[in-house]
Structures are given as structure tokens and as C-alpha cells.
Amino acid sequence: MSKHVYSFAEGDGQNKKLLGGKGANLCEMTQIGINVPPGFVITTEACLEYLDGDGLPDSLMDEVREEIEQLEKATGKTFGKGPDPLLVSVRSGSALSMPGMMDTVLNLGLNEDTLAGLIEQTGDERFAYDAYRRFIQLFGKVALGIDDVYFDEHFDAVKQQAGVKADVSLEAEHLKEISELFLDVVRQQAGRDFPSDVIEQLQLAVEAVFRSWMGKRAVDYRREFNITPDLANGTAVNICTMVFGNKGNDCATGVGFTRNPGTGENEMFGEYLTNAQGEDVVAGIRTPKPIVDLGDEMPEQYKQLVELRNTLETHYKEVQDYEFTIEKGTLYCLQTRNGKMNAAATVKTSVEMFGEKLLTRNEALLRVPPELLEQLLHPTLDPNNDARVVAQGLPASPGAASGKCVFDADLAEKLGNAGEQIILVREETRPEDIHGFFAAQGILTSRGGKTSHAAVVARGMGKPCVAGAEGIVVDVAARLARVGERTIHEGDVITLDGGTGEVYLGAIPTIPAHFSDELAELLGWADETANLKVMANADTPDAAKRASEYGAMGIGLCRTERMFNATDRLPIVIDMILANSEEDRKAALDRLLPIQRDDFVKVFTVMAPNPVTVRLLDPPMHEFLPTEHDLLEQIENLEVYRKIVRGRQAAIATLDHAVDLPEALQELSGEHVNDALAHKERMLRKVRELEEVNPMLGHRGVRIGITYPEIYEMQIQAILEAAMQCAENGVDVRPEIMVPQVITLQEITHVRRAADEIVARLEEESGKKVAFKFGTMIETVRACTRAWHLAGVAEFFSFGTNDLTQATFSFSREDAENKFLPMYNEMGVLQDNPFEVLDLKGVGKLIKMAVQGGREQREDLKIGICGEQGGHPDSIQFCHDVGLNYVSCSGPRVPVARLAAAQANLRSQVTN
Ligand code: PEP
Ligand code: MG
């Protein structure tokens, strides 16, 4: 016969699965000498047996009776009878905390006899009836399923009759009347008398608490927070002697944190009420006092409370959130659990608890959830705002910002440069909107997912972005957006929270990010602990600078196409694309070369002496051109304007004197319009020529590099010349040239050969050596299967898991995220979004294969990851486990990744 019940003095404080978190802690506290009221725990196993079959396990109530006898002995009180009756609380508690999700009954053990005993023993009729009416209602609700409204209507009626507003003003006689009315409610609603047999009360309460494990609230909570049966299965029931904080002015009840959970400060923190029950503190009926006031009010008990707090922290080596009651001058601890804190407090306490030798450095590192750090790295909305959410999108890039809505990038740039705070609002963004990103405080799109262009670029820049807010209909032509009945005009101020995806009307104050000394210290430890290096994906000197402030140890991915998009370059890039001969293309490239070189010099200098991996041009060329639709519209407008110009000329000719046209109109001459039209028509022809059915699977990456070799040659030359220039300036640079979209050895051999020729030429011209590494992205399935061969030429691999995930799943990222992925996640067809969390079973398997192949060929092959998943803690654990050398992620994710990399190493040491 298995044991289902453990007294607090015997239960194993480490066995939260069996005894629940609360029960285990009550046992532990009892056993280390903290003053816990005597009690016992019924196990989660008993709960599962009850839920499985038809009734409580056979011997359970016998065990309970025995424990009750022990309680009677320990307290000198008697259960269900006598002048000093024993009352107990019956509380739920599973292995993981599920606050408020399951049921609790207090004051159990009251009936007509014990009520009389309680009155006699305390001499306080009011107190006794108050306890009784609370018990009847709570028991009625929890064990007999009677809705609160039936009780509340009587309670309110008596209060009204008595002419009192606050519960505490009710007299004993009122509470007595209420108790009697409540007993009637039970009779009517449950069709039975309120049980006066206290063992029956106990049995019904235990069964009800067991059932509450499967209650809707609890089931929904477990689903929401992914609490699976291996984490928590069934609830335990804690039966504990009641102690009362409401027996007079030498009584009190309160809750405390062993440190300040808002700041992490090592100080007494909490609230209490004198002459009150625990639920009064939580319910907010009376305003509790700060815990330090207890020092004046009950100095002796306060001293004991400080001791209690010190004992809890020294024992648990973790900030505790505890509940206490003082009954007639005696302090009891009723509960303790690990305290939930915000990010700043978690970091500060980690660093300080290491300093106080409460934690080892590794424990201090493991204690901080990496994702929590996001809170510290971006501005957040002032929580004291009362603004209303007008639209909800995806939290695509964290941070908060307010500004005037602007519906196109040109105007955003103009206003932004004039010093205005701007939010760029678009249906979706394209590379040619990039100047609008630079000018804006935040980006809002009505379409697209978390890996849409807007999301990826905003994250790279560390700007907040809400993507795919589908409730918003953007009408650029009318310069407005509609959200339901509401219209947002250009210039109206809105606020974005990129961490939640919420959009608000009006400006909400933000709290700036704060990279505290403690965070810097913790991350310093992380860097010493991790095996993986953490690089950043950064494309501009500014982004590189920010990334290195976040602690990036180099740049793992510099997407050169982003450099092409700035307003001063795009026209040259377009000339290059429009070129119909190699000669014309080279002429455009000659103009681009110095611009790229200057960019590289700046980025290398910021990052020196860390490596910078520059990826050669990747996207299909049409991405740099306007869409066919836009061009057709522009051409149509220009044609209309040409007619107007002709009409004006004809009209002027009818005059008998000359007229001076304003300067602007002179500039917009027929000739100018003709040229503009010819240029647009050329673009249109090119756009049509470049059109592909599946551009992302088409003419992009190294395929462009091979068909138009002069483009890659220009880029390689710019990289190498920049490296030479840096070396001349005394800057220690480590450039790495990376080829995208590779599928065969021949492709990289081809590019390598071109690079070697350029190096030879440059070295000969300058008489100086230039060092660089040459490698490839691994982002096609074929590259994974041919890794051994590719590593013959490539000195490093970088897994482009954005494309590799698309290729492995045969998903187009944008379509998947916009159409079916959310539903797949909801239905559990796919657990996670594979574009955020690396798919270990599929993509992970390919990565492992490629790592193995690559290192078989080249033992010291440097391998990293630069897809979006590279900043996700679970993916980082995998990257550590398969032996990658680095992860690369957007700048603001770098601190998260540094901590995750350290934890990955510590966890794998434990596993091994
Ligand atoms: C990738 O494919 O993972 C990658 C980093 O490249 P991009 O996102 O630019 O295609
Ligand atoms: Mg890619």
C-alpha cells in the first residue's frame, strides 16, 4: 500500500513532483527550523489516482485521520469539537507554480459546536462569525460548486441594512446573520445541509482541490505556459493548521520578498496589515503598510521577520516570495517560493548574490533567463499609461517609440532629417524604403511576418517594429490608414510597442534602456564561460558600432546589398542593372567601388581587431528596381504631364508677347520629361526582363556573381582595398569574404579564382600583402550534402538558416508566416515557428551532416550561423552542442546570445 500523506516534518523538501512546490517548501522550512504551523501534504500521486478512477485512494482518509491526530497532539487543539478547536487550511500546490488557478479552502473544521468553542476560546464573537461566514462561502463555492453571487447578494443586503460600507464595520450580530443566510444558500443551491462532520468537510475539500487540477482555468493555464505532465502532473493538497492574523492588534499578516523585486536592492520588502487575514492583503480591501513600519509597530516580531528572511535566502540561495502571519505575537511562515523579478532585479541579484557568496558564478549565470535581457536593451512603454490599444500586430522588433505617422519613405526621410519623430507606416516595406527606416523611430506594417523585410531590417537597426497589423488598412494615396471605424491621418501621432505588437493612438512616454554595470559584469562572466563566440549581423558603420557596444565579437554577416540601398547609391546601382553591355556595367561599378570601399574601411575600423564577414551580393536584381505596377503608374503620370507641357507651349504660342515661366516649370521642360519617360521605360523593360516566377529560387546569390562576374570583382576589390587601407592606418583588420547561395564546389572555386587574381594584382601594385579568409554560406540543402567538397575551398562555413529553413521545409517564408504557420502552431502540427526557433529535427540534422563533412575535410574549419535563429537561446544550445564556433545575430540580440552561449556550455557540462 503506497503512502499518500506526509507530515511537514517528514516530507522530502526536494520532491516537488510528489509534494508540489508549496508542500515541498513547507516540509523543507519545517525541517530547517522555521516556524511553520503544523500540517501535512497529500501527494500528487493521490490526485492522479483520484482523477483516474472513481474516488479517493482506499486508505487515504485513514492516513489523513492519523495526521489530524498528530496535529491535535502538536497544537493541543481538537478537530471538530472542544473548547479550543483545530481549524485547517486546505490548499492546492503543484510542482510548478500556477498562481490562482486552483482552489483553496480556509477555516475548515468549523461547525456549530466548534464555532461555540472558538467564541469561548477567543472571547471574540465577531472574529468567530467572520471566520465562519468566510468558510461557508469558500467551501460552498469550492466543494459544493455554488456561485459567489448567491452569497454576495445576501452579504451586500445585510451591509446595506446595517448602513455600513466596509466589511470591517460589520458587527458580530451582522456576521452571525450572514452565516445563517449562507447556510440557507447552501441548502437551496446544493440541495443538502452544510456538512457539520469535519472529516466529511475535509474529504469534500480535498476532492474539490484535486478536481480543480482539471478545471478550465488550470487546463488553459497549462496550455498557455506549456506546462506538460513531465513538468507538473496533478496537484498536491496542503493541510495546515490555521493561524490567525485577525485576532487583535497583536496580530498581523503580510507578504514579503527577500529583496526588492523591482530593483533587486538587498532590503526588506513587502507589505502587511495588522489585525487582518491573508486574503485581505491580496484583495486590496484595506491599504497595506510597507513592511519596515512593522519595525515600529512590533519591534520584536520585526526582528524575527528579518531573521526569517535571512534564513530563507541563505537556505534557498534564491530570492524568496514569502507569506507570514503573526498570531498573538507569534510569527509563522505560511509559504515560500522563488520570487519572480523583472530583468533589472534578476541581473542585479545574480551579481550581488555571487558577491555575497550565496551563489557560484555559474549559478549566477544560469539563474537569468537570457530572453529576459531584452527588457533591458530597449526603451519600454511607461507602465503607468492609460492609452488604448488600437491595433495588434506581430512583435517583430522590440522596443517602444512614438512619432507622427508617415506613409512613404521619402517624406519620412524629409521630416526625420528636419528633426521630427516619425513612425513609418507601410503595407509592407521594400529595400528602396531603407532611407525611411533610417529616419524613423519605428516601423509599422499591415502585412508580413516576423521575418518580413520590415522586421529583419528594423531588428538589424535596433528599431521597434510591429509587423502584419492586419487590422490596419493603409491608403497611401489618400495619406491615411483605417483601423476599424477610426482613421489615422498622416501626421497623427501613434506609439508602437515592438515587444508586444501593440499600436496605440497618441504619444506614450517611454523609459530608456539602461545597460547597467551589473549587466556588463554578468555578460563579462558569460564571455569567459562560453565556447561559442557571439557575432553580430550588421551592415553599416553605425550598426557595427552599436553591435560592438552590445559586446559583439565581430560581424558574422554584413549584407552588402543593404549598402546599395542608401539614397546616394541606389541610382548608381540602378544604372548598373540597366546597363546593356559589360562596359556600361563596369562604368557604374567603377562609381560604386569607392563608395563600398569607404563603407568597408569604416566597418572594419569599428570592429578591429575582430573579424568582419562580408557577404557578396545576394538578392535578385529586381529588388533594387521599383515594381512594374509603380513604374506603369509613374509612366502614365509622366505622359499626362508631357501633354500638359505641350498644351502650355501651344497656349503660349497664341500670345503676342513672350512670357517668363517660373524656374521650376522651366526645369520641368518637355525635354526633361521626355528623358524621364525614356528612363522609366527602360526600367520597365528591365523589370519585365528580370521578372522571375520564383525569384528567391532564381537568379540570385553566387549565380549573379557568375553571370555578371564584374559585380563580385568590384566587391572583392573594395573589400581588399579597404583592408589594405586600414592596415596602412595601423588598424588590425580581419576581412572574410563570403559567397551566398552556393550549391557546388565549382561555384566557389570560380569566385575564389577571381579573388586570387585581384589579390595578386593589388599586391603587385602596392607591394604589400593582404590577408583574408574565404568562405561560403551554407543555405541550400545541396550545400549541406556537399559540405566535404566545399570545405576543400571554403575556409569557413556560415549557416544561413533563413534560407536553409525555407529550403528544408519547401516553405516560402513570407507566405508561410502570413498564411498557415500561425494555424500550424496553434494546432500543434508544428511546435514552433521554424524561422524563429531552429528546427532541430530537420534543419538541425542537415547542419550536423554539414559540420561533420566540413570538418572531415578541414579540421580547423570555422563554422557559424547567421540566420535569424542564431539569436535564439534554444538554437544557441544546439549550435554549442554540434560544435559551431560562433553564432551571429542582430546587434540588440547580442547580449541575449552571449548569456545563452554561456548557459549552453554550462548545461552541456552538467549533461556530460
Ligand atoms: C540566411 O539565409 O539565413 C541569411 C542569413 O541570409 P538572408 O536572410 O539574407 O537570405
Ligand atoms: Mg540567405
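Just follow the structure's listing: the first ligand is 1, and inside any ligand the first atom is 1.
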For ligand 1, the portion of [X] having any non-hydrogen atom under 4.0 Å away:
| X | result |
| --- | --- |
| Q741 | neither |
| T801 | backbone |
| M738 | neither |

Between [X] and ligand 1, does any nitrogen or oxygen pair lie at a separation below 3.5 Å?
| X | result |
| --- | --- |
| E779 | yes |
| G800 | yes |
| R813 | no |

Notebook entry, point to check: Nearest to atom 6 (O) of ligand 1, what protein heavy atom do you find, and at what distance?
Noted result: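 Result: R615 NH1, 3.0 Å.
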Give the atom numbers and elements of ligand 1 that come within less than 4.0 Å of a heavy atom of [X].
| X | answer |
| --- | --- |
| D803 | 1 (C), 2 (O), 3 (O), 10 (O) |
| R700 | 10 (O) |
| C866 | 5 (C) |
| N802 | 1 (C), 2 (O), 3 (O), 4 (C), 5 (C), 8 (O) |
| L557 | 5 (C) |
| R559 | 4 (C), 5 (C), 6 (O), 7 (P), 8 (O), 9 (O) |

Next item on the list: Please work out whether the ring planes of F820 and F811 are parallel, tilted or perpendicular, with thresholds of 30° and 60°.
Entry: perpendicular
Margin query: Can a side-chain donor-acceptor contact be found between T805 and Q869 if the only test is distance below 3.5 angstrom?
Written below: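 Per modelled atom types, Q869 and T805 side chains form a pair under 3.5 Å.
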Item checked: No-hydrogen, no-angle side-chain donor-acceptor test under 3.5 Å, Q746 and H750 -> no
Next item on the list: Answer with yes or no whether E868 contacts ligand 1, where contact means a heavy atom under 4.0 Å from a ligand atom.
Entry: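 False for this residue.
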Next item on the list: Could you establish whether Q806 and ligand 1 come within less than 4.0 Å of each other, counting only heavy atoms on the residue side?
Entry: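 No, Q806 has no heavy atoms under 4.0 Å from ligand 1.
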Next item on the list: Check step by step if side-chain contact (heavy atoms from CB on, under 4.5 Å) holds for R559 and D618.
Entry: CA-CA 8 Å; R559 291 173 164 108; D618 181 28; over 6 Å; no
Margin query: How about CD on E826, more than 12 heavy atoms from neighbouring residues, nucleotides or ligands closer than 6.0 Å, or not?
Written below: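 Counting other residues, nucleotides and ligands, CD of E826 stays at 12 neighbours or fewer.
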Margin query: With a 6.0 Å cut-off (strictly less than), is the heavy-atom count around CD of E692, excluding the residue itself, greater than 12?
Written below: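 Yes, because the 6.0 Å sphere around CD of E692 holds more than 12 heavy atoms from other groups.
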Notebook entry, point to check: Taking it one step at a time, do E691 and R688 satisfy salt bridge (Lys or Arg N to Asp or Glu O under 4.0 Å)?
Noted result: CA-CA 5 Å; E691 189 186 328; R688 286 178 172 156; over 6 Å; no
Next item on the list: With side-chain contact (heavy atoms from CB on, under 4.5 Å) as the test, would you mind laying out the steps for R893 and L377 before giving the verdict?
Entry: CA-CA 9 Å; R893 289 294 290 183; L377 306 168; over 6 Å; no
Notebook entry, point to check: Under a 4.5 Å cut-off applied to non-hydrogen side-chain atoms, are Y886 and L532 in contact?
Noted result: no
Note to self: Pair T540, V603 - check side-chain contact (heavy atoms from CB on, under 4.5 Å), show working.
What the structure shows: CA-CA 7 Å; T540 60; V603 172; 5.9 Å; no
Margin query: Can you tell me which residue among K602, R562, R615 is in a salt bridge (Lys or Arg N to Asp or Glu O under 4.0 Å) with D539?
Written below: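 When K602, R562, R615 are each tested with D539, the salt bridge (Lys or Arg N to Asp or Glu O under 4.0 Å) holds only for R562.
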Next item on the list: Identify the residue among E757, E795, E747 that makes a salt bridge (Lys or Arg N to Asp or Glu O under 4.0 Å) with R752.
Entry: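 The passing option is E795.
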Check: What are the protein N/O/S atoms, named by residue and atom, that sit under 2.8 Å from the Mg ion (ligand 2)?
Finding: E779 OE1, D803 OD2
Checklist line | Step-by-step side-chain contact (heavy atoms from CB on, under 4.5 Å) determination, T613 to C558 | finding: CA-CA 6 Å; T613 308; C558 174; over 6 Å; no
